[in-house]
Amino acid sequence: MKFMGALLAVLLLLSGCGGTSHDLDRPMALRSRMLQSQGCRFDAEITADYGDSVHNFTMTCQTNTQGDLNFTVTEPQTISGITGTVTREEGSLTFTGTALQFDTLVDDQITPVSAPWILTTAMRGGYLTLAGMEDGLLRVGIDDAYCGEELHVDVWLSEEDLPVKADILYGGRRIVSLNVRNFTIL
């Protein structure tokens, strides 16, 4: 019953969003599938933009029913094998011999390894602000908050309504980009 009430509230809020009804139906259907699933699994190529430097790496990711994310870094080889978990409350890293060090991107709160978690959390419950076609993909804008700070996440969905890329923006500036491959709802 709580789920139906939440779904109704989201649908009422969406009445003011940009895009056509069909454009909004697609991300809402994906959200529903994600919320009813055991989680999702995907690979993410991540580009973190610090303004004066850019860092690239690749991770395999899997979420559970609560939206918690487990990841393993696969590239570059120098940090391959590092694993971690990101939840709403905390994050942890596990490594042997090599430490993963990334500076935070926003007010000592967001790290590049949290980007896949931010993506899936926004897709599961963020406020849909726009939806429309761009270069053959459905672009979905989502506003969300992380540690009290407003973030905007743009997600591009394939014809199969699965994410293929995303940008995380803070203060109108893109701080992280993700190329998503092999997205599977479990």
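What you see below is based on every heavy atom in this structure, not just the backbone, and it leaves out hydrogens, waters and symmetry mates. Position 1 is the first residue of the sequence; numbering continues from there.
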**Request:** Output, in order, the C-alpha distance, side-chain angles, deciding distance and verdict of side-chain contact (heavy atoms from CB on, under 4.5 Å) for R88 and T121.
**Result:** CA-CA 9 Å; R88 184 162 298 280; T121 298; 3.3 Å; yes
Any sub-3.5 Å donor-acceptor pair from [X]'s side-chain atoms to [Y]'s backbone N or O?
| X | Y | value |
| --- | --- | --- |
| T85 | N70 | no |
| R26 | E160 | no |
| S53 | D49 | no |
| S80 | Q77 | no |
| S177 | D167 | no |

Within the 4.5 Å heavy-atom criterion, are [X] and [Y] side-chain neighbours or not?
| X | Y | value |
| --- | --- | --- |
| V113 | F71 | yes |
| E45 | R181 | yes |
| L35 | R124 | yes |
| H152 | T129 | yes |

**Message:** Do D68 and T87 pair up side chain to side chain, a donor and an acceptor below 3.5 Å, judged on atom types alone?
**Reply:** no
**Donor-acceptor pair between D43 and T60 side chains, under 3.5 angstrom** = no
Minimum heavy-atom separation for [X] and [Y], please, with both atom names.
| X | Y | result |
| --- | --- | --- |
| N56 | P76 | O-CD, 3.9 Å |
| F183 | M123 | CZ-CE, 4.2 Å |
| L24 | A131 | CD2-CB, 3.7 Å |
| L138 | P27 | CD2-CD, 3.8 Å |
| C40 | M34 | SG-CE, 4.3 Å |

**Prompt:** Is there a side-chain contact (heavy atoms from CB on, under 4.5 Å) between K165 and V155 once you walk through the steps?
**Reply:** CA-CA 6 Å; K165 67 179 184 173; V155 182; over 6 Å; no
**Request:** Determine, step by step, whether N182 and F42 satisfy the side-chain contact (heavy atoms from CB on, under 4.5 Å) criterion, reporting the C-alpha distance in whole Å, the side-chain angles of both residues, the deciding distance to 0.1 Å, and the verdict.
**Result:** CA-CA 5 Å; N182 306 318; F42 58 97; 5.7 Å; no
Which distance, rounded to the nearest 0.5 Å, do you find between the [atom1] of [X] and the [atom2] of [Y]?
| X | Y | atom1 | atom2 | answer |
| --- | --- | --- | --- | --- |
| I175 | T47 | CD1 | OG1 | 13.0 Å |
| L186 | T63 | CG | OG1 | 6.5 Å |
| T184 | Q62 | OG1 | CD | 9.5 Å |

Shared hydrophobic cluster for [X] and [Y] (ILVMFWY, side-chain gaps under 4.5 Å):
| X | Y | value |
| --- | --- | --- |
| M59 | L162 | yes |
| L169 | V180 | no |
| L30 | M133 | yes |

**Prompt:** What residues, two or more places apart in sequence or in another chain, satisfy side-chain contact (heavy atoms from CB on, under 4.5 Å) together with E134?
**Reply:** R139, W156
**Prompt:** What do the steps show when you test V164 against L137 for side-chain contact (heavy atoms from CB on, under 4.5 Å), and what is the final call?
**Reply:** CA-CA 9 Å; V164 293; L137 300 172; 3.8 Å; yes
**Prompt:** Got more than 12 heavy atoms from elsewhere within 6.0 Å of CZ, R174?
**Reply:** no
**Message:** Going by side chain to side chain contact (heavy atoms under 4.5 Å, CB included), I118 matches just one of V153, V176, D144, L178. Which one?
**Reply:** V153
